[in-house]
Protein chains: 2
Amino acid sequence: MNGIKNMVRERLELHGIKPSMQRMAVMEYLMTHRTHPTAEMIFTDLYPDMPTLSKATVYNTLNLLVERGVVRMITIEEKNARFDACMDPHIHFRCRECGAILDVNVEAHWVPAMPAGVTVDMSETYCIGYCAECNQKRVN
Amino acid sequence: MNGIKNMVRERLELHGIKPSMQRMAVMEYLMTHRTHPTAEMIFTDLYPDMPTLSKATVYNTLNLLVERGVVRMITIEEKNARFDACMDPHIHFRCRECGAILDVNVEAHWVPAMPAGVTVDMSETYCIGYCAECNQKRVN
DNA sequence: TTCATTTTTAGAATTATTCTATTTTTATTT
DNA sequence: AAATAAAAATAGAATAATTCTAAAAATGAA
């Protein structure tokens, strides 16, 4: 039995995070929804099944997960932060028109040469333009 | 006489932006301060010399400049947007400890292969870690 | 059980940004 | 130059994402 719950628990414990119900729920949500959700979306979707869930808990949990390097925060959109549990190397694309955020897989992430003494422990690349669908419509 | 004011005016007009006093002031500020300031910082610094300046005008101007591709908006920090008038290829580094944001020059910006039909008109790479000074202190 | 620690919670507080409605400035026409 | 139209700037209110606060609940240890 290697269900999703076990994978979620393992991943939390691996990073020294006690797997409470709420943390498991948020983590499972991120692992099963590759949609780069906002904190709000996560809360709204979990709420019906966890009516005592608080938005503060979602924020607390997301902050903890990001701090511990379990998920990444994506700031490709000024308005609100988005979250991504996929740690495989990939970058994000945002469509100016429809707002969609797409994953784009890459071999490895690009980290340019840094000034002496500077160490990098994470990097993100954001590309912005028009997605295939919106490009179609623009031609007409 | 190729003063800064002329360069500022030219750059605005080149992008079809009417060079009002306020727009010139914001643009000149960005061209002479490579500090990746927030809208707030720009307002606060300009205000003493332009006591009728409104924060809304600073935001309006920055939004216009970004829309027209005259400056870039940097979202390396969730809290507030930062702005950069330097359009030479470079990426940004943020220190986890002291919060400093540094420019790191690169030959050309990395844009990985996109899915068919997707077009990219701008891209940003953000690296996060520890700057040289903070690394020093951490060793001790 | 009792006590201490951690986690969750609701709602208030904060804060960056946008919106609204008005005023000022600039440009155009007579 | 006066009148009109259009664009830009302004003050302050409104919005909304996130954090904070203080209390309650859950967990773990003695």
Side-chain angles (χ1 to χ4, degrees), chain A residues 8-9 12-13 15-30 36-68 70-84 99 101, chain B residues 8-9 12-13 15-30 36-68 70-84 99 101:
Chain A
V8 170
R9 174 184 290 110
L12 292 181
E13 285 174 342
H15 289 86
I17 296 174
K18 199 195 299 184
S20 69
M21 287 295 296
Q22 292 83 345
R23 288 167 176 174
M24 295 266 292
V26 170
M27 190 68 212
E28 178 175 344
Y29 186 91
L30 283 172
H36 316 101
T38 62
E40 179 77 31
M41 292 171 192
I42 298 171
F43 173 78
T44 303
D45 284 1
L46 293 180
Y47 188 75
D49 289 336
M50 303 183 74
T52 69
L53 181 64
S54 160
K55 212 174 274 191
T57 300
V58 174
Y59 277 102
N60 289 344
T61 300
L62 290 169
N63 286 341
L64 181 65
L65 293 172
V66 170
E67 264 170 35
R68 299 288 175 88
V70 194
V71 309
R72 11 179 179 170
M73 177 185 286
I74 303 170
T75 58
I76 197 173
E77 219 195 22
E78 326 73 278
K79 302 282 173 193
N80 27 223
R82 294 169 167 275
F83 299 88
D84 190 347
I101 295 178
Chain B
V8 170
R9 174 182 290 112
L12 293 181
E13 286 175 341
H15 289 85
I17 297 174
K18 200 194 296 183
S20 69
M21 287 296 295
Q22 290 84 343
R23 289 168 176 173
M24 295 266 295
V26 170
M27 190 67 214
E28 178 175 343
Y29 186 90
L30 283 172
H36 316 102
T38 62
E40 179 77 31
M41 291 172 193
I42 298 171
F43 173 79
T44 304
D45 284 3
L46 292 180
Y47 189 73
D49 288 336
M50 302 181 72
T52 70
L53 182 65
S54 159
K55 212 175 273 191
T57 299
V58 174
Y59 277 101
N60 289 343
T61 300
L62 289 170
N63 286 341
L64 181 64
L65 292 173
V66 170
E67 264 171 35
R68 300 289 174 89
V70 194
V71 309
R72 9 180 181 170
M73 176 185 287
I74 303 169
T75 57
I76 197 172
E77 219 196 22
E78 328 72 280
K79 303 281 174 193
N80 28 220
R82 294 171 166 274
F83 299 88
D84 189 348
I101 296 178

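First the proteins, then the strands, lettered A, B, ... as listed; each starts at 1. This is a predicted model, so every value here is computed, not measured.
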Separation of [N] [atom2] from [X] [atom1] (nearest whole Å):
X       : N      : atom1 : atom2 : result
B/Phe83 : C/dA16 : CZ    : C1'   : 11 Å
A/Phe43 : C/dA10 : CZ    : P     : 8 Å
B/Tyr47 : D/dA9  : OH    : C1'   : 14 Å
B/Arg23 : D/dA7  : CZ    : C1'   : 8 Å

From C-beta outward on [X], which listed nucleotide comes closest to its side chain: [options]?
X       : options                : answer
B/Tyr59 : C/dT9, D/dA9, C/dT17   : C/dT17
A/Ser54 : D/dT10, C/dA10, C/dT8  : C/dA10
A/Gln22 : C/dT17, D/dA9, C/dT8   : C/dT8
A/Lys55 : C/dG11, C/dT18, D/dT18 : D/dT18
A/Ala56 : D/dT19, C/dT9, D/dA17  : C/dT9

Between the main-chain N or O of A/Glu40 and the side-chain N or O of A/Thr44, is there a donor-acceptor pair closer than 3.5 Å? yes

Using only atom types and a distance under 3.5 Å, with no angle test, would you say the side chain of B/Arg68 pairs donor to acceptor with the backbone of B/Gly16? yes

Want to settle it: does A/Leu53 or B/Ala81 sit nearer the 5' end of DNA chain C, counting the closest nucleotide to each? A/Leu53

Do the side-chain N or O atoms of A/Thr57 get closer than 4.0 angstrom to the phosphate oxygens (OP1, OP2) of C/dT9? yes

Indicate whether OP1 or OP2 belonging to D/dT19 is found under 4.0 Å from a side-chain N or O atom of B/Lys79. yes

With a 4.5 Å cut-off on side-chain heavy atoms, are B/Val71 and B/Asp84 touching? no

Side-chain touch B/Phe83/B/His36, heavy atoms, less than 4.5 angstrom: no

With heavy atoms under 4.0 Å as the rule, sort [X] into base, sugar-phosphate or nothing.
X       : value
B/Ser20 : sugar-phosphate
B/Thr38 : nothing
A/Asn63 : sugar-phosphate

So how far is it from B/Glu28 CD to B/Arg9 CZ, rounded to the nearest 0.5 Å? 11.0 Å

